[in-house]
J.: 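Following this message is one structure expressed as structure tokens.
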Amino acid sequence: MLGVAFRIGAELVAAMVVGVGGGLVIDRWLGTSPWGLIGMFVLGSAAAMLNVYRAVNGMGYAVGYRRPDADANSGGGTNSTPAKDEGEGNRGH
């Protein structure tokens with residue numbers, strides 16, 4: 001559980017550092033101080049919250065995989081056999 005807390009903290013800090021750093025770079029480059037910083041702070045905050053949401057909802061799943069939909073197999077269609085996982089292969093069934 002402590003590892004999850006560290007991951008969420010790292011997600012928050014990393015997104016904020018990138019956002020604020022990018023805002024400072026934009027302000028220095030375009031001379032728009034403080035608007036680049038404010039805008040990138042907002043975008044960095046949104047990215048941080050999205051990353052935390054994804055980390056919490058996808059906990060226990062590998063990158064690129066998602067939870068199977070509960071009603072995907074019962075979709076009301078005429079095919080009543082459940083779909084096989086891609087990695088299951090053909091085992092003579």
J.: Identify whether Val56 and Leu12 are in the same connected component of the hydrophobic contact network (ILVMFWY, side-chain heavy atoms under 4.5 Å).
T.: yes

J.: Looking at residues at least two apart in the chain, or sitting in another chain, which of them share a side chain to side chain contact (heavy atoms under 4.5 Å, CB included) with Phe41?
T.: Met16, Val20, Ser45

J.: Does Ala47 have any side chain to side chain contact (heavy atoms under 4.5 Å, CB included) partners at least two apart in sequence or in another chain, and if so, which?
T.: Ala15

J.: Which residues end up grouped with Val25 if you chain together Ile, Leu, Val, Met, Phe, Trp and Tyr wherever their side-chain heavy atoms are less than 4.5 Å apart?
T.: none

J.: Between Leu30 and Leu37, is there a shared hydrophobic cluster once you connect ILVMFWY residues whose side-chain heavy atoms come closer than 4.5 Å?
T.: no

J.: Write out all pairs satisfying side-chain hydrogen bond (donor to acceptor under 3.5 Å, both in side chains) with one or both partners inside residues 26-39, taking only residues at least two apart or from two chains.
T.: Asp27-Thr32

J.: In the hydrophobic cluster built from side-chain contacts under 4.5 Å, what are the other members alongside Tyr53?
T.: none

J.: Is there a chain of hydrophobic side chains (I, L, V, M, F, W, Y, each step under 4.5 Å between heavy atoms) that links Val42 to Ile26?
T.: no

J.: What's in the same ILVMFWY side-chain cluster as Val17, cut-off under 4.5 Å, chained through other members?
T.: Val13

J.: Can you pull out every salt bridge (Lys or Arg N to Asp or Glu O under 4.0 Å) where at least one residue sits in residues 9-24? Sequence neighbours excluded, please.
T.: Arg7-Glu11

